[in-house]
Amino acid sequence: MSENIEKITCLIIGSGPAGYTAAIYAARAELHPVIYQGMQPGGQLTITTEVENFPGYPDGAQGPAMMEDMKKQAERFGTEVRWGEIVDVDVTKRPFLVKTDDGTQLLAETIIVATGASAKWLGIPSEQEYNGYGVSACATCDGFFYKGKVVAITGGGDTAAEEASYLSKLAKKVYLIHRREELRASKAMQNRIFKTANIEPIWNSVVKEIVGKKEGFMKAVTGVIVENVKTGEKKTIEIDGFFVAIGHRPNSDLFKGKLDLDETGYIITAPDSTATSVKGIFAAGDIQDHVFRQAVTAAGSGCMAALEAERFLADQE
């Protein structure tokens, strides 16, 4: 193997709250971490406007600004943050041989995977146009902004039912739009939905368009156009916010066949740990958490991953 291959003690793949928190702890432990930011530097928070539930920001913060703060804090302790993607990892032996999208090869003593998960979207242009201006894929993140207002959510599984239930405690009215006549959610979740007076299901319907108003740089959702899949009838429902709850896709393609994944593609970690099925590789944040999916829990698991990487290296010595 070429002596020119760069050797890295702690490689962090991904740059959301999990990746940057892991970098802060790894850098303070003198592991000299290197972060590769990936396709979406800063992670999902960079497409979130206002974040009000992260500790330490009493007046809230803009998602991109918060991620820039985390990046600066990681760099302050010596983290090297790089543009680019990791395209291949040989997990069969340590140090791990890693290849980047520009052809660079690295040898990593430990790896922390913090590539996150991406929300599944409907794929209509107006969805992205109003993303962050009334369109969201996270009710627990953004539901507070619709206190006393009218919202709609689309989806039919447990996630949609849970988020509709959560929104019902804040919003005046919640429309639950689903393409079938019954939900896929568990019976317990369905019963909760049907017993909630301010949740109104819109059956056999799909979202065709999100409508809104624009004034200069400001945009706001004002309604949603739905189409009945049986009759073809279209109607507009007036709303203040629209939530997509059709699931998330873990960004784990790089590790298929290399690390143990669950049936939906999330990396499996040991109980009370971020350790994966390969010794020396750890996973933190939404790539291994399909339950909470919050910035603060991602940051917590990033801390865990760095501490575990430090202990792992100490044990090797």
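Under the 4.5 Å side-chain criterion, counting only non-hydrogen atoms from C-beta, Leu313 is in contact with Glu109. Residues Lys219 and Val135 fail the side-chain proximity criterion, which asks for heavy atoms closer than 4.5 Å. For the pair Phe145/Leu170, no side-chain contact is recorded, criterion being any heavy-atom separation below 4.5 Å from C-beta on. Side-chain contact check for Leu11 versus Ile112: every heavy-atom pair is 4.5 Å or farther apart. In this structure, the side chains of Leu97 and Gln105 come closer than 4.5 Å at one or more pairs of heavy atoms. Contact annotation: the side chain of Gln73 never approaches that of Tyr20 to less than 4.5 Å [non-hydrogen atoms, C-beta and beyond]. By the 4.5 Å heavy-atom criterion applied to side chains, Gln288 and Tyr266 are not counted as neighbours. Proximity of Thr222 to Ile239: side-chain heavy atoms (C-beta onward) are nowhere separated by under 4.5 Å.
Of all non-hydrogen atoms in Leu167 and Ile153, the two that sit nearest each other are CD1-CD1, 4.2 Å. Contact detail for Ala171 and Asn198: the closest heavy-atom pair is O-ND2, 3.1 Å. Heavy atoms only, all atoms of each residue included: Ala117 and His248 are closest at CB-CB, 4.4 Å. A pairwise comparison of heavy atoms in Lys120 and Ile246 identifies O-CG1, 3.4 Å as the closest pair. When all heavy atoms of Ile287 and Pro250 are compared, the pair lying nearest together is CD1-CB, 4.0 Å. Taking both residues in full, the closest heavy atoms of Val211 and Val224 are given as CG2-N, 4.1 Å, listed atom of the first, atom of the second, then distance.
Electrostatic pairing of Glu238 and Lys173 does not count as a salt bridge here, judged by no charged N lying under 4.0 Å from a carboxylate O. Ion pairing between Asp69 and Lys72 fails under the 4.0 Å rule for side-chain N and carboxylate O. Asp240 has no carboxylate O lying under 4.0 Å from a charged side-chain N of Lys147, or vice versa, which leaves the two without a salt bridge. Ion pairing between Glu129 and Lys214 holds under the 4.0 Å rule for side-chain N and carboxylate O. A salt bridge links Glu6 to Arg82: one of the charged nitrogens lies within less than 4.0 Å of a carboxylate oxygen. By the 4.0 Å N-to-carboxylate-O rule, Arg28 lies too far from Glu30 to be salt-bridged with it.
To the nearest 0.5 Å, the span separating CZ on Phe194 from CD1 on Ile199 amounts to 9.5 Å. One finds the CD1 atom of Ile35 at 4.5 Å from the CD1 atom of Ile12 (value rounded to the nearest 0.5 Å). A distance of 13.0 Å separates CZ of Arg180 from OG of Ser205, quoted to the nearest 0.5 Å. Note that CG of Leu107 and CD1 of Ile8 are 9.0 Å apart. Values are rounded to the nearest 0.5 Å. The distance from the OG atom of Ser252 to the CG atom of Asp262 is 8.5 Å, given to the nearest 0.5 Å. Taking OG of Ser301 as the start and CG of Asp286 as the end, the distance is 8.0 Å to the nearest 0.5 Å.
Hydrophobic clustering (side-chain heavy atoms under 4.5 Å, transitive across Ile, Leu, Val, Met, Phe, Trp, Tyr) keeps Val226 apart from Val229. In the hydrophobic clustering of ILVMFWY residues, with side-chain heavy atoms under 4.5 Å counting as a link, Tyr36 and Ile267 come out together. In the hydrophobic cluster analysis, where Ile, Leu, Val, Met, Phe, Trp and Tyr join through side-chain heavy atoms closer than 4.5 angstrom, Ile268 is grouped apart from Phe255. Hydrophobic clustering, with ILVMFWY side chains joined whenever heavy atoms are under 4.5 angstrom apart, keeps Val81 apart from Leu106.
More than 12 heavy atoms of other residues, nucleotides or ligands sit less than 6.0 Å from atom CZ of Phe96. The environment of CZ in Arg192 is sparse: at most 12 heavy-atom neighbours from other residues, nucleotides or ligands sit within 6.0 Å. Residue-environment remark: CG (Asp272) stays at or below the threshold of 12 foreign heavy atoms within 6.0 Å.
Between Leu176 and the choices Thr196, Leu183, Thr154, the side chain to side chain contact (heavy atoms under 4.5 Å, CB included) rule is met once, by Leu183.
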- Task: Check the pair Asn228, Ile202 against side chain to side chain contact (heavy atoms under 4.5 Å, CB included), reporting the backbone distance first and the verdict last.
- Result: CA-CA 9 Å; Asn228 188 293; Ile202 308 292; over 6 Å; no
- Message: With side chain to side chain donor-acceptor pair (under 3.5 Å) as the criterion, how do Thr100 and Glu85 come out once you've worked through the C-alpha distance, each side chain's angles and the decisive distance to 0.1 Å?
- Response: CA-CA 6 Å; Thr100 73; Glu85 275 190 277; over 6 Å; no
- Message: Is there a side chain to side chain donor-acceptor pair (under 3.5 Å) between Asn251 and Ser118? Walk through the geometry before answering.
- Response: CA-CA 7 Å; Asn251 301 320; Ser118 302; 3.1 Å; yes
- Take Thr104 and Lys99, measure what side chain to side chain contact (heavy atoms under 4.5 Å, CB included) needs, and give me the verdict at the end. CA-CA 6 Å; Thr104 300; Lys99 297 177 182 176; over 6 Å; no
- Query: Where do Glu181 and Lys230 land on the side chain to side chain contact (heavy atoms under 4.5 Å, CB included) test, with the steps shown first?
  - Reply: CA-CA 11 Å; Glu181 284 188 53; Lys230 291 190 171 181; 2.4 Å; yes
- Task: Could you give me the CA-CA distance, side-chain angles and deciding distance for Val207 and Ile124, then say whether side chain to side chain contact (heavy atoms under 4.5 Å, CB included) is met?
- Result: CA-CA 9 Å; Val207 175; Ile124 54 179; 4.0 Å; yes
- Task: Check step by step if side chain to side chain donor-acceptor pair (under 3.5 Å) holds for Gln294 and Thr140.
- Result: CA-CA 8 Å; Gln294 298 297 303; Thr140 50; 2.8 Å; yes
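For Tyr146 and Phe243, the ring centers sit closer than 6.0 Å to each other.
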